[in-house]
Amino acid sequence: MIDKQVKAAEDAVADIPDGATIMIGGFGSSGIPLQLIEALRCHGASDLTVISNNAGVAEEGIASLLRDGLVKKIVCSFPRSAGSIWFEKRFEEGSVELELVPQGTLSERIRIAGAGIGGFLTPTGYGTRLAEGKETRIIDGKGYVLEMPLHADFALVRAEYADPWGNLTYNTAGRNFNPMMAAAAKTTIAEVGAVVDIGELHPEHVITPGIFVDRVVAEEKCDVAA
Amino acid sequence: MIDKQVKAAEDAVADIPDGATIMIGGFGSSGIPLQLIEALRCHGASDLTVISNNAGVAEEGIASLLRDGLVKKIVCSFPRSAGSIWFEKRFEEGSVELELVPQGTLSERIRIAGAGIGGFLTPTGYGTRLAEGKETRIIDGKGYVLEMPLHADFALVRAEYADPWGNLTYNTAGRNFNPMMAAAAKTTIAEVGAVVDIGELHPEHVITPGIFVDRVVAEEKCDVAA
Amino acid sequence: MLRLNPDEMAQRVAQDIPDGAYVNLGIGMPTKVANYVSADKQVIYHSENGILGVGPAPAPGEENPNLINAGKQYVTLLPGGCYFDNAESFGMMRGGHLDIAVLGAFQVSSRGDIANWATNNDKFPPAVGGAMDLAVGARQLFVVMRHTTRDNEPKILDECTYPLTGTGVVRRIFTDLAVLDVTTDGLQVVELFGDNTFADVQALTGTRLLPPV
Amino acid sequence: MLRLNPDEMAQRVAQDIPDGAYVNLGIGMPTKVANYVSADKQVIYHSENGILGVGPAPAPGEENPNLINAGKQYVTLLPGGCYFDNAESFGMMRGGHLDIAVLGAFQVSSRGDIANWATNNDKFPPAVGGAMDLAVGARQLFVVMRHTTRDNEPKILDECTYPLTGTGVVRRIFTDLAVLDVTTDGLQVVELFGDNTFADVQALTGTRLLPPV
């Protein structure tokens, strides 16, 4: 029987190598796979390229990867938020490279990677600094920028419920980047609030079909001493 | 209060002019807005360009529009099915123009129209007759065809439930092309099994947000003599 | 001269939001607009992270950390609202489905260019978020901002000097002094607040304005 | 010579479908493959219209006209299955998420080109459906077809003479005579059915084959 469950977050991320490109779901405090990120930090893979909407705040999530010096490059729409101290520090000292991408271009570049599309023309950013060096064209008098897919080796996503086939549902706006990222990575690891039996997720309500998910890890409900 | 309900299908389609481009949802027998199509046929707008996956079978749906000579052009992936007699007849006599589009290219061209994207690169059809005359390029050794958005003046879609804001859910595989079409037309008209009160559709289960829907018509449950 | 305060500016913008509109309010001052839309209008608010039908802040203790708006504030969902992913959310914007977006800005040019995402200070790490998508996507783009910097330097200019967010996209500018429309003939003053005169406002503007008709 | 019948051909294809695979079966003979996948394997079938986890035909009277497969036959959904729209369905294909697609064909070339959507008869109106997307998208493309036309003309050729569906995409060909792999060196015979000899099969093929190793 197909069962994509992995018991521990540390086992789910154990094969992530140095230099990997990793997508991490979430927007602000919403829909972030915090336990997978913590397992990745403990695992210690370095020289990572991280693709995510934000760069983490305080000591949590992506901020902890930046603090520990594990991130070489970040592809991001909004890295600077109140409290994004570790991103700011690493950026100022020049130890992390930033590729700044408008948010809708970021989500669509991720989506097309999952959907096997080789590029798309967007009006977003046309005539701005973020289109510099990119191919552009005018169609019916409107300017467009050619944007290319963003693929990843691994995606770490956060969902509310999974079943053993890896079908996922989300919690409210926690959906954000998670469904596109699940489809865009070679290996997708989902941290979920709970795993339910096959057939318990209504087939009309599944947001991420299990075909996009390789490993499912149920959230640890209580803190475990390290 | 926002209420997009229109009582009768005939009123919902009354402003469709001759020469309009119309998307019609459905795949085979599944998810077709049959009552809206019948209202359109009775309304009698002609010289229509129809965008749909199939071209109808027997005397029903799009086949009835072809039979009555209302269709100038059809943009379609699979016009020829068992029983698609009216498409075959109109095609053979040269009275309807056919633009044949691979199915995934058809759905993505519709999707990008709704999402404000100006074009996309797909590997589908590269090196085949259906890419002739189209711009192509090679990326990392793989061939791609540049495909452009398909917009429409009107979309006729079929859903299971709607609320007064036009939020839609579907019945199983009846979803097919309907959500992309709802977003790609200037005016979208949804035929639904039933209209429920605001708040009765679970916000995680809405498939087509009401922002894409202009008019909602509840299905006539019993046959009415003409 | 009469300078509106931020709440008064938000209140003025709210008058121009029609009943039944789908609206995206940018982070900061634009978010206040929702507080002043009159109760007889039904307006559906979009949040870029993936919400339509954003409601007011939750009661204390009722917060869901997943349910936040683009400004990362806790929100609620109105009955009739729904959730979707970020790609669909930005498809709504780019595809022209939002009636109005309201953004703050550093500068606006006479042709409707907007600069609101970066200054020329390279030490400050940049962030763009959804600003560029909103700028190109909404059917009507409203800008709400002070007419000048705190040093009384003009923010409405022949050409923006800060990096652009979008070109030729602004429809109407609401400042603390006046309301201006971007037209093919130039910037048209459509309303002067209080006793503010055209000459007053022109003097604080870095491009030639067209007087009210 | 031993010529498998369509059910035997489907049965042979089924042997090469691994446990846990995500599989799309084309219209016609490929659909039969599901009947022969052994019960100890769990295979998840994809239908292009927007289904994962396609189950068997419904009991009489239990049909839902919305719940059909790509061949417009009534189907059911297995527990664990789900529905999605057509754009997502084809994103799954093009994005390389399906392990195997099984298609019928008019012709296959020695380099793995496939022709299965149109003949050279222009009077017959064309239809392509999802064939071109499946051809380029699945990780492995299997073709199942008779080795020759009914007139014993070869269907495996140096170059296809019918309009192409995709170029260089076929991985393995299952015919009624043999199983052949498309390799960089050419078409490699990997299995001959019954007492069929390499010479027998070569004689009915329009391109040079590599003998079994």
Side-chain angles (χ1 to χ4, degrees), chain A residues 31 102-105 107-126 131 134-151 159-161 167-176 178-180 193 201-209, chain B residues 31 102-105 107-126 131 134-151 159-161 167-176 178-180 193 201-209:
Chain A
Q103 192 177 152
T105 300
S107 51
E108 190 67 16
R109 287 178 67 190
I110 295 166
R111 180 189 173 274
I112 68 165
I117 292 171
F120 69 103
L121 294 165
T122 180
T124 302
Y126 181 81
K134 294 187 172 175
E135 184 176 329
T136 61
R137 69 173 67 194
I138 308 285
I139 302 170
D140 295 337
K142 187 165 178 176
Y144 292 86
V145 185
L146 179 65
E147 295 282 358
M148 309 308 274
L150 274 172
H151 294 270
E160 188 73 353
Y161 293 107
N167 291 307
L168 304 180
T169 63
Y170 297 91
N171 181 317
T172 66
R175 199 180 297 187
N176 57 64
N178 288 298
M180 289 84 74
L201 298 180
H202 191 293
E204 312 259 15
H205 303 163
V206 168
I207 301 299
T208 295
Chain B
Q103 192 177 152
T105 300
S107 50
E108 190 67 15
R109 287 178 67 191
I110 296 167
R111 180 189 174 275
I112 68 165
I117 292 170
F120 69 102
L121 294 165
T122 180
T124 301
Y126 182 81
K134 295 186 172 175
E135 184 177 329
T136 60
R137 68 174 67 194
I138 309 284
I139 302 170
D140 294 337
K142 187 165 178 177
Y144 292 87
V145 185
L146 179 65
E147 296 281 0
M148 308 309 273
L150 275 172
H151 295 271
E160 188 74 355
Y161 294 108
N167 291 306
L168 305 179
T169 64
Y170 297 91
N171 181 316
T172 66
R175 200 180 297 186
N176 57 64
N178 288 299
M180 289 84 75
L201 299 179
H202 191 294
E204 312 260 16
H205 303 163
V206 169
I207 301 300
T208 295

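Sequence lines set the chain letters: A, B, ... in the order given, protein chains first and strands last, and positions in each chain run from 1.
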Side-chain heavy atoms of B:E160 within contact of B:T172, under 4.5 Å: no
Would you check if B:E204 and A:T169 make a side-chain contact, meaning some heavy-atom pair closer than 4.5 Å? no
List the steps and the verdict of side-chain contact (heavy atoms from CB on, under 4.5 Å) for A:T122 and A:E108. CA-CA 9 Å; A:T122 180; A:E108 190 67 16; over 6 Å; no
side-chain contact (heavy atoms from CB on, under 4.5 Å) for A:F120 and B:I112? Distances and angles first, verdict last. CA-CA 9 Å; A:F120 69 103; B:I112 68 165; over 6 Å; no
Anything in residues 144-151 of chain B with a heavy-atom distance to chain A below 4.5 Å? Please list those residues in order. B:Y144, B:L146, B:M148
Please state whether the side chain, the backbone, both or neither of B:I139 comes within less than 4.5 Å of a heavy atom of chain A. side chain
Would you say the side-chain atoms of A:N167 pair up with the backbone N or O of A:L201, donor to acceptor, closer than 3.5 Å? no
If you round to the nearest 0.5 Å, how far is NE2 of A:H202 from NE2 of B:H202? 12.5 Å
